[in-house]
Amino acid sequence: MESRVHVLVIPYPIQGHLNPMLQFSKRLACKGVKVTLLTISYGEYLRDKQAGSVTVQTIADDQEEKNRSMKDHLIKFPDLLSRKLPEIVAEQRNHGYPVSCLVYDALLTRVLEIAKQLGLLGASFFTQSCAVGTIYCSIHEGKLLIPVEGPSVLLPGLPPLLICDLPSFVSDLEHYYPGALEMVTGQFSNVEKADWIFFNTFNSLEIEVLNWLAKKWPIKPVGPTIPSMFLDKRLEDDKDYDLSLLKPNSDACLKWLDSKKPCSVVYISFGSLLALGEDQMAELAWGLQRSDTCFLWVVRESEIKKLPNNFVEETIEMGLVVTWSPQLEVLAHKSVGSFLTHCGWNSILEALSLGVPMVAMPQWSDQPTNAKFVTDVWQVGVKVKADEYGIVTKEEIERCVREVMEAEKGNEIRKNSEKWKKLACMALDEGGDSDKNIEEFVTKLVCNAN
Ligand code: UDX
């Protein structure tokens, strides 16, 4: 039966935002909602397609866009949306699929204004943790003053945070363009006008801070946005979960992992954006070699030249370097025993949901705060310490990898990881907290349409 409810989902078009919002779309679609996910074509790199139950529609700019850099695409995206959204909504109505709600990335606050102008409902979707959201919210409300002073910060619902645990846009004002902090705190500029506010997290993971923020606004956790086939295994239509901007070396990764012993491999990835310095790459490389542990390392094409000479040849017996991996399949593989991660929020949720212990090596944005929770709150990993020059040495890499893979501490971390894996699954399983929140959203949309 054709659904009467049609929702447009609009992520900020970078990998770390496309992935969770596509998964959220799939959860809506399995409850009978028609979902169209809008993104940009990146000069025809992404095409209109059917990603399982979700229709992916790309919006191309009228102006020549083929040679535009990714940064330019991102800067122009809000304007593009302002111009195109009214047309798209009208088109859908003419085709017999009237849109009732825009689910927009919380970074794209302007979409809420467009929704209201078009007489539509608006749902804001936060792709970061509730803890990080609360820090940005406190700044927005003037309750946490910038520059932050004192050795630590006390905010409601959160453990005491050292300055170095805060998101880098807050703790390290000199290194980021001034717009960065405005952009992340601006997520709260019109949030009170949104009809729904979703966070990609789950109740048991962030209960205290969720309860605190829920006193201000009716926020709803709807995560973790992990494909059902890796979590609750309830959705049949779930195979095509990918909206990858890079092509994974899937066969190479999985075949190589198949040849390794259970829990013997450390997987390393720094997500879709981060670029380490050449010195840091070298320390990481030699640290992996010293750890005497098999490794699968994602080094994006643009970063390959930073690898030390002969590293790949010298470690061919113990390691595999690929330019992009099918990360969820890798984390779910029985040979993977730990994940050395930059602590992007998706990577953390993926590792937690699949029960993989972590070595946290945060770099910027929300990653320092995520790392604090990984090590001190959920206790599913250890964090590397940088030296006085800000470099994580090869000795430190070796120590941390060994600690998680072998030492007594590793056992405790593994036990905790198993616990979080179960809780993550429960959140989205039938009747789980996040599942109920999604169900409630769909019920309201249906009532509204009748
Ligand atoms: C960014 C920020 O770094 C992150 O902190 C923020 O919360 C979201 O935006 P990114 O750095 O790319 O994202 O990291 P992350 O959030 O971990 O997202 C990366 C995504 O790419 C994950 O879903 C991961 O599974 C996927 N990935 C990564 C692959 O599919 N293959 C890879 O080889 C590496």
Side-chain angles (χ1 to χ4, degrees), residues 20 24 27 103 105-107 122-144 148 152-162 165-167 170 184-185 187-226 231-232 343 345-346 348-349 352-353 366-380 416-417 419-444:
F24 180 62
R27 296 278 171 182
V103 179
D105 196 311
L107 289 174
S124 181
F125 188 105
F126 285 77
T127 59
Q128 74 255 327
S129 74
C130 186
V132 167
T134 299
I135 296 169
Y136 292 150
C137 172
S138 306
I139 296 169
H140 175 71
E141 293 184 334
K143 296 196 173 123
L144 177 61
V148 181
S152 66
V153 169
L154 268 182
L155 291 170
L158 296 177
L161 297 170
L162 297 175
D165 297 326
L166 294 171
V170 181
V184 289
T185 56
Q187 296 179 101
F188 293 90
S189 60
N190 59 1
V191 74
E192 71 287 349
K193 295 191 198 127
D195 297 286
W196 287 277
I197 306 166
F198 298 128
F199 268 86
N200 182 15
T201 185
F202 53 104
N203 256 331
S204 46
L205 191 66
E206 295 199 275
I207 189 71
E208 285 177 34
V209 70
L210 276 165
N211 281 345
W212 183 80
L213 207 60
K215 284 187 200 145
K216 294 164 82 66
W217 299 299
I219 58 164
K220 302 283 175 191
V222 291
T225 53
I226 307 297
L231 201 66
D232 51 310
C343 299
W345 186 234
N346 297 289
I348 302 264
L349 286 178
L352 264 175
S353 303
D366 55 347
Q367 298 154 16
T369 316
N370 298 340
K372 163 79 180 170
F373 277 76
V374 165
T375 52
D376 295 357
V377 180
W378 309 316
Q379 300 183 4
V380 289
N416 289 335
S417 301
K419 178 187 97 179
W420 286 111
K421 179 179 173 178
K422 287 197 189 102
L423 290 169
C425 183
M426 275 166 65
L428 272 166
D429 214 343
E430 200 167 352
D433 290 324
S434 294
D435 181 59
K436 275 200 256 176
N437 288 337
I438 300 171
E439 187 80 41
E440 191 183 284
F441 174 52
V442 173
T443 307
K444 286 195 179 151

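Side-chain atoms of S434 come within 3.5 Å of backbone atoms of G223 as a donor-acceptor pair (strictly under, hydrogens ignored). Remark: the backbone N or O of G122 is not paired with any side-chain donor or acceptor of W196 at under 3.5 angstrom. Checked by atom type and distance alone, the side chain of N370 pairs as donor or acceptor with a backbone atom of C343 at under 3.5 Å.
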K422/D429 under salt bridge (Lys or Arg N to Asp or Glu O under 4.0 Å): CA gap, chis, key distance, verdict: CA-CA 10 Å; K422 287 197 189 102; D429 214 343; over 6 Å; no
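Residues satisfying the side-chain hydrogen bond (donor to acceptor under 3.5 Å, both in side chains) criterion with K421, sequence neighbours excluded, are absent altogether. Scanning for side chain to side chain contact (heavy atoms under 4.5 Å, CB included) contacts around A424 gives F202, P224, L231, S353, with sequence neighbours left out. Every residue two or more places apart in sequence or in another chain that forms a side chain to side chain contact (heavy atoms under 4.5 Å, CB included) with V148 is listed here: L144, I146, V153, I163, L166, V170. Partners of N437 under the side chain to side chain contact (heavy atoms under 4.5 Å, CB included) rule, at least two apart in sequence or in another chain, are K220, P221, V222. By the side-chain hydrogen bond (donor to acceptor under 3.5 Å, both in side chains) test, N200 is found to be paired with T225, residues two or more places apart in sequence or in another chain being considered.
In this structure, C130 SG and L210 CG are separated by 4.0 Å, a value rounded to the nearest 0.5 Å. Rounded to the nearest 0.5 angstrom, Q128 CD and I348 CD1 are separated by 13.5 Å. Expressed to the nearest 0.5 Å, how far CD1 of I207 lies from CG of N211 amounts to 4.5 Å. Annotation: the span from Q379 atom CD to F373 atom CZ amounts to 12.5 Å, rounded to 0.5 Å. Distance CD1/I226 to SG/C425: 11.0 Å, rounded to 0.5 Å. One distance of note links CG of L205 with CG of L349; it measures 7.0 Å at 0.5 Å rounding.
Looking at heavy atoms from C-beta onward, L428 lies in side-chain contact with I438 at the 4.5 angstrom threshold. Side-chain contact between P167 and V184 is absent, with no heavy atoms from C-beta onward closer than 4.5 Å. Using a 4.5 Å cut-off on side-chain heavy atoms (C-beta onward), D165 and T369 make no contact. Counting heavy atoms from C-beta on, the side chains of W378 and L423 never come closer than 4.5 Å. Between W345 and D366 the shortest side-chain heavy-atom distance falls below 4.5 Å. Between V209 and L155 the shortest side-chain heavy-atom distance does not fall below 4.5 Å.
Closest approach of L161 and K372 over heavy atoms only: CD2-CG, 3.9 Å.
Dense packing is recorded around CD of E192, with more than 12 heavy atoms of other residues, nucleotides or ligands lying under 6.0 Å away.
Ring to ring, F199 and F125 are not that close: their centroids are 6.0 angstrom or more apart. Aromatic ring centres of F126 and Y136 lie farther apart than the 6.0 Å criterion allows.
Classified by interplanar angle (parallel below 30°, tilted 30° to 60°, perpendicular above 60°), the ring pair F198/F441 is perpendicular.
Screening residues 195-216 for salt bridge (charged side-chain N to carboxylate O under 4.0 Å, His left out), with sequence neighbours left out, gives K116-D195, E141-K216.
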